[in-house]
Amino acid sequence: MKIGFIGAGNMGYALLQAAMRGEDNDILVYDKDEKKAKSVASHTGATFADAKTIARECDYVFLGVKPNIIPAV
């Protein structure tokens, strides 16, 4: 299963870590702070991707962003 995370802050990172426990999950992560997203990806074994790729390719997408910016995402 391909799971995407848009937002790699505290909430997104916590959810991503839980998803990494699943068998055969392919995890993609994006954050507007590319350095942060790449760091999270390298620490967890996830793959850095852009938000459009995540939206297009993932079976499930988690938004770990503040509620006021959801419409922009």
Side-chain angles (χ1 to χ4, degrees):
M1 179 180 318
K2 194 174 265 193
I3 304 172
F5 292 86
I6 297 176
N10 292 333
M11 180 60 70
Y13 186 66
L15 291 170
L16 187 148
Q17 287 180 307
M20 292 300 291
R21 293 186 207 132
E23 297 285 327
D24 299 324
N25 287 336
D26 185 13
I27 309 293
L28 303 177
V29 62
Y30 167 80
D31 193 275
K32 66 180 181 177
D33 180 347
E34 187 174 321
K35 184 176 178 181
K36 177 191 265 185
K38 287 182 176 180
S39 175
V40 166
S42 71
H43 283 91
T44 61
T47 302
F48 172 77
D50 60 74
K52 288 181 181 181
T53 299
I54 289 173
R56 185 177 51 248
E57 296 182 7
C58 291
D59 300 306
Y60 295 97
V61 177
F62 289 89
L63 298 178
V65 300
K66 304 265 190 241
N68 61 316
I69 64 166
I70 287 175
V73 172

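- Separation of atoms CD (E34) and CZ (F48) is listed at 4.0 Å; rounding is to 0.5 Å.
- Between F5 and L15, some side-chain heavy-atom pair lies under the 4.5 Å cut-off.
- In this structure, the separation between CE on M20 and NE2 on H43 is 13.0 Å, given to the nearest 0.5 Å.
- The side-chain heavy atoms of I27 and T47, taken from C-beta on, include no pair separated by under 4.5 Å.
- Under the 4.5 Å side-chain heavy-atom criterion for ILVMFWY residues, no single connected hydrophobic cluster contains both V73 and M11.
- Annotation: the span from I6 atom CD1 to K52 atom NZ amounts to 11.5 Å, rounded to 0.5 Å.
- When side chains are defined from C-beta on, L28 counts as touching K2, because their heavy atoms get closer than 4.5 Å.
- The shortest side-chain heavy-atom distance between D31 and V40 does not fall under the 4.5 Å cut-off.
- Applying the 6.0 Å contact sphere to CG of N68 captures more than 12 heavy atoms from other residues, nucleotides or ligands.
- V61 and V65 end up in the same hydrophobic cluster when Ile, Leu, Val, Met, Phe, Trp and Tyr side chains are linked at under 4.5 Å.
- Between D26 and I3, the closest side-chain pair of non-hydrogen atoms is not below 4.5 Å.
- A pairwise comparison of heavy atoms in A8 and V29 identifies CB-CG2, 4.0 Å as the closest pair.
- No single ILVMFWY cluster, assembled from side-chain heavy atoms under 4.5 Å apart, contains both M1 and I54.
- With values rounded to the nearest 0.5 angstrom, Y13 atom OH is found 7.5 Å from S39 atom OG.
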